[in-house]
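I have placed the structure first, in the form of structure tokens, so that the comments after it can refer back to it.
Bear in mind the structure is a predicted one, so any value in this text is a computation, not a measurement. When a residue number appears, it is its place in the shown sequence, counting from 1.
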Amino acid sequence: MTLMLRFYILLILALATPVLAFAETVGVFFDSKEAQIKFAATDVKTALESKGFKVEMLSLSALKSGYGNKKVVIALASNSDVSKLLTGEGGTNGSGLSEQAYILRTTSLPHKSYWVLGGDANGAMYG
């Protein structure tokens, strides 16, 4: 291999590495015991990764106000811990959702977050 070719290969790797090393991380929080919600979370993960995001698949029990990245939360509207965190981050709850119904919320405190709350597991999946 010529010296010039080696130089170009190293230059390309050097320029590409920061993009790969600093991909933005998004946490997807969901209840893995609910098959429909787990299915939806996996689809969200696939979509985010196809756009270059690094995805952390996390349990709802790990959902805390101090999470340091953007997040997607897929949960039942009846989950009081999730509802409390949503309102604490400036969102509004959806109460009294029927079967297969869902609400979508976006908050920006402390980071951009997307919330999918369902009246049941099917509603959360559809959302």
### Query
side-chain hydrogen bond (donor to acceptor under 3.5 Å, both in side chains) with Ser98: which residues, sequence neighbours excluded?
none

### Message
On a heavy-atom basis, which atom in Ala75 and which in Ala124 lie closest, and how many Å separate them?
### Response
O-CB, 3.7 Å

### Task
Can you see which heavy atom on Ser83 is nearest to which on Ala77, and at what distance?
OG-O, 3.3 Å

### Query
With a 4.0 Å cut-off, would you call Glu24 and Lys70 a salt bridge?
yes

### Query
After noting the C-alpha distance and the side-chain angles of Asn69 and Glu56, does the key distance pass the side-chain contact (heavy atoms from CB on, under 4.5 Å) rule?
CA-CA 10 Å; Asn69 299 309; Glu56 295 180 325; 4.2 Å; yes

### Query
For Ser113 and Lys71, does a side-chain donor sit closer than 3.5 Å to a side-chain acceptor?
yes

### Query
Under the 3.5 angstrom rule, does the side chain of Arg105 hit a backbone N or O of Tyr114 as a donor-acceptor pair?
no

### Query
How long is the gap from CG on Leu58 to NZ on Lys64, to the nearest 0.5 Å?
11.0 Å

### Task
Identify whether Leu97 and Leu85 are in the same connected component of the hydrophobic contact network (ILVMFWY, side-chain heavy atoms under 4.5 Å).
yes

### Message
Assess the residue pair Leu48 and Val28 against the criterion (side-chain contact (heavy atoms from CB on, under 4.5 Å)); give the C-alpha distance rounded to whole Å, side-chain angles, the decisive distance to 0.1 Å, and a yes or no.
### Response
CA-CA 10 Å; Leu48 287 168; Val28 177; 4.1 Å; yes

### Query
Taking a hydrophobic cluster as the set of Ile, Leu, Val, Met, Phe, Trp and Tyr residues connected by side-chain heavy atoms closer than 4.5 Å, whether directly or through intermediates, do Phe30 and Val55 fall within one such cluster?
yes

### Query
Which atoms form the tightest heavy-atom contact between Ser50 and Ala47, and what is the distance?
OG-O, 2.7 Å

### Task
Indicate, with yes or no, if Ile37 and Val72 share a hydrophobic cluster defined by side-chain heavy-atom contacts under 4.5 Å among Ile, Leu, Val, Met, Phe, Trp and Tyr.
yes

### Query
Is the shortest heavy-atom distance from the side chain of Leu63 to the side chain of Val82 under 4.5 Å?
yes

### Message
Show the nearest heavy-atom pair for residues Ala23 and Gly52, with the distance to one decimal.
### Response
CB-O, 3.4 Å

### Query
Stepwise, does the salt bridge (charged side-chain N to carboxylate O under 4.0 Å, His left out) test hold for Glu49 with Lys45?
CA-CA 6 Å; Glu49 287 176 339; Lys45 177 183 187 280; 3.0 Å; yes

### Polar side-chain atom of Tyr67 near backbone of Gly27 as donor-acceptor pair, under 3.5 Å
yes

### Summary
Of all heavy-atom pairs linking Ala121 and Glu34, the shortest is CB-OE1, 3.4 Å

### Message
In this structure, would Met57 and Leu76 fall into the same cluster of hydrophobic residues linked by side-chain contacts under 4.5 Å?
### Response
yes

### Query
Asn79 and Leu60: side-chain contact (heavy atoms from CB on, under 4.5 Å), yes or no, with the steps?
CA-CA 10 Å; Asn79 185 317; Leu60 280 180; 3.9 Å; yes

### Message
When you group the ILVMFWY residues by side-chain heavy-atom contacts below 4.5 Å and let the links chain together, are Leu104 and Tyr126 in the same group?
### Response
yes

### Message
Between Asp120 (side chain only) and Gln100 (backbone N and O only), is there a donor and an acceptor less than 3.5 Å apart?
### Response
yes

### Task
Test Leu86 against Asn93 for side-chain contact (heavy atoms from CB on, under 4.5 Å), laying out the working first.
CA-CA 7 Å; Leu86 170 62; Asn93 263 346; 3.6 Å; yes

### Query
How about Trp115 and Thr107: does a side-chain donor come under 3.5 Å of a side-chain acceptor?
yes

